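Below you'll find the structure, written out as structure tokens, and then a few comments.
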2 protein chains.
Amino acid sequence: MTTHPRISDCLHCAMRDRSIFAGLSLDDLRDLGMEVHDISVPATDMLYLEGDRARYAYTLREGAVKLVKTLANGRAQIVRLLHHGDLFGFEGLRETAYQHSAIALTRTDLCRLDLVALEALSRRLPSVHDAINQRWFNALQQAETRIVELGAKNADERLATFLSQWCSAYPAGDAVPFPLTRQELGEFLGLSTEHVSRLMAEFKRRGLLTERKNLLHIPDTRQLILHACASGACA
Amino acid sequence: MTTHPRISDCLHCAMRDRSIFAGLSLDDLRDLGMEVHDISVPATDMLYLEGDRARYAYTLREGAVKLVKTLANGRAQIVRLLHHGDLFGFEGLRETAYQHSAIALTRTDLCRLDLVALEALSRRLPSVHDAINQRWFNALQQAETRIVELGAKNADERLATFLSQWCSAYPAGDAVPFPLTRQELGEFLGLSTEHVSRLMAEFKRRGLLTERKNLLHIPDTRQLILHACASGACA
DNA sequence: TGCACCGATTAACAAATGTCAATGCCGACC
DNA sequence: GGTCGGCATTGACATTTGTTAATCGGTGCA
């Protein structure tokens with residue numbers, strides 16, 4: 001269920017500045033043998049499966065994607081959530097297999113990058129090499145922050161912190177697209193669906209947030225954090 | 001409480017093969033302006049504090065170190081545990097401040113590497129550059145595994161998995177040095193000290209492990225995993 | 001030897017979180 | 001408009017985990 005890939009017009013792509021190819025023209029890329037394909041997938045589409053042979057990395061142009069690891073008994077853990085500008089699947093540069101499953105949360109537009117070509121390009125262009133390493137570093141920082149969230153905070157705190165951060169990508173006070181189901185929230189935060197549901201209801205009852213359709217509105221994130229993190233854990 | 005640093009004899013260091021300088025002689029390093037100092041610290045010594053200006057990276061030659069993040073309310077989370085051969089503090093190559101506090105769990109021998117010099121060296125020597133990036137990648141992989149442990153497993157499973165992995169660095173069935181207190185186990189696994197204590201006692205009662213002084217003995221890690229992960233989470 | 005301290009253990013209880021089951025809600029599709 | 005299916009909500013209850021406090025046990029030191 002994937003639209004037929006077209007050669008991408010990277011030059012005019014809205015997110016070129018954030019891309020690992022910032023500074024390169026489409027001609028540059030073509031000359032270097034780096035073809036970039038536009039891909040577009042609907043919500044719930046799986047881009048790749050944990051353990052699959054890794055062939056492509058992706059740049060997320062529009063939409064949202066989850067990276068999931070699944071235990072032998074079926075429990076799932078969302079390891080990372082990806083947004084506009086994020087690069088993923090690039091563990092394929094070091095491992096032969098993908099380390100997570102990548103699943104679209106919304107209709108999603110991506111650039112698909114052949115890993116072999118990307119590897120070669122990165123060897124020739126220090127700027128690309130550095131950009132990729134920077135992504136690695138960022139992912140590590142983020143992962144370590146998640147470890148603290150999961151290991152040292154309780155459910156209210158985790159949820160409040162997460163929701164606040166989700167909204168932080170948008171102007172304060174705006175209603176924000178929020179495509180996650182309660183189950184996905186649970187799989188991200190290490191909580192049961194029902195518990196997430198109860199906490200959300202509680203937050204709403206207290207006027208800390210409202211929801212309609214897939215829009216989340218947090219009037220004042222400070223209030224939310226303050227309520228949930230009474231102990232000062234999220235200062 | 002740090003022994004006076006000496007210029008290190010990298011050439012004969014027992015762990016040169018695993019180091020980011022593998023393949024370089026001490027002369028090479030000196031010619032390149034990379035001085036490496038031997039450091040030795042006692043248990044509980046703090047090498048640096050989260051938020052400190054980052055000046056050095058360290059290679060762990062002998063002993064064990066914990067990397068800790070502390071919340072505003074005092075709760076602590078051990079983010080990573082370091083062993084023989086591990087490199088740490090190198091977030092200083094990308095950030096001006098250390099992202100964790102580094103504390104020795106045992107008497108520990110290290111090589112101290114000046115970050116400015118390391119940065120310069122890494123720019124000149126692809127092998128060093130690559131080695132550092134590989135470490136980054138490894139740290140990310142490990143961090144994502146921890147996310148799954150903390151988010152998708154219960155207390156028994158976390159503890160059993162951790163203990164098994166701790167022992168996996170040694171020949172199966174051997175008694176292994178185990179310098180962690182119950183509190184540290186808790187701070188690593190996201191559990192209270194008392195709960196860890198109870199679980200350890202339970203494991204002992206069932207003959208799954210024994211302890212004396214700072215030695216941990218797990219006769220059969222498979223048994224331990226099997227008991228704790230009845231649901232199949234750790235298969 | 002005896003004391004003081006620190007970590008580990010244990011018990012009793014409280015709180016947080018998960019599980020199971022029933023119901024409600026809403027949108028897709030006929 | 002009606003029905004079906006998926007997700008969300010809620011309640012009752014079970015289980016897990018945390019908390020508090022008391023005790024134990026060893027170790028270093030006076």
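None of the values given here were measured: they were computed from a predicted structure. Numbered from 1 within each chain, the chains take letters A, B, ... in sequence-line order.
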Examine the base of D:dT19 for any acceptor or donor lying under 3.5 Å from a partner atom in the side chain of B:Arg198, and report the outcome as yes or no. yes
Between A:Phe188 and A:Arg158, is there a cation-pi geometry (under 6.0 Å to ring centre, at most 45° from the normal)? no
To the nearest Å, give me how far apart CD (B:Glu194) and C1' (C:dA8) are. 10 Å
Can you tell me how far P of D:dA8 sits from CZ of A:Phe178, to the nearest Å? 10 Å
With the side chain of A:Ala155 defined as its heavy atoms from C-beta on, choose the nearest nucleotide among D:dT10, D:dT17, C:dT17. C:dT17
Side chain of A:Thr181 - closest among D:dT10, D:dA8, C:dA8: D:dA8
Separation of B:Glu184 atom CD from C:dC6 atom P, in whole Å? 15 Å
Can a donor-acceptor pair be found between the side chains of A:Gln99 and B:Glu144 at a distance below 3.5 Å? no
Only residue of A:Arg198, A:Arg206, A:Lys204 satisfying side-chain hydrogen bond (donor to acceptor under 3.5 Å, both in side chains) with A:Glu202 is A:Arg206
Distance below 4.0 Å between A:Lys204 side-chain N/O and D:dT9 OP1 or OP2: yes
A:Arg75 has an atom CZ; how far is it from atom C1' of C:dG18, in whole Å? 11 Å
How many whole angstroms separate atom CG of A:Leu180 from atom C1' of D:dG6? 17 Å
Toward the 5' end of DNA chain C, which comes first, A:Ser192 or B:Gln183, by nearest nucleotide? B:Gln183
To the nearest Å, how far apart are B:His195 NE2 and C:dT10 C1'? 14 Å
Base, sugar-phosphate alone, or nothing: which one does A:Ser197 contact when heavy atoms must sit under 4.0 Å apart? base
Nearest whole Å is fine: how far is D:dC7 C1' from A:Lys213 NZ? 13 Å
B:Gln134 side chain to B:Asn138 side chain, donor-acceptor N/O pair below 3.5 angstrom: yes
The test is side chain to side chain contact (heavy atoms under 4.5 Å, CB included); show your working for A:Leu110 and A:Leu47 and say whether it passes. CA-CA 10 Å; A:Leu110 314 118; A:Leu47 289 159; 3.9 Å; yes
Over all strands shown, is A:Gly190 touching base, sugar-phosphate only, or nothing at heavy-atom distances under 4.0 angstrom? sugar-phosphate
Please give, in whole Å, the distance from D:dT17 C1' to A:Leu150 CG? 16 Å
Nearest of D:dA8, D:dT10, C:dT17 to any side-chain atom of A:Ala201? D:dT10
Minimum-distance nucleotide (side-chain atoms of A:Leu191 versus D:dT9, D:dT17, C:dG18): C:dG18
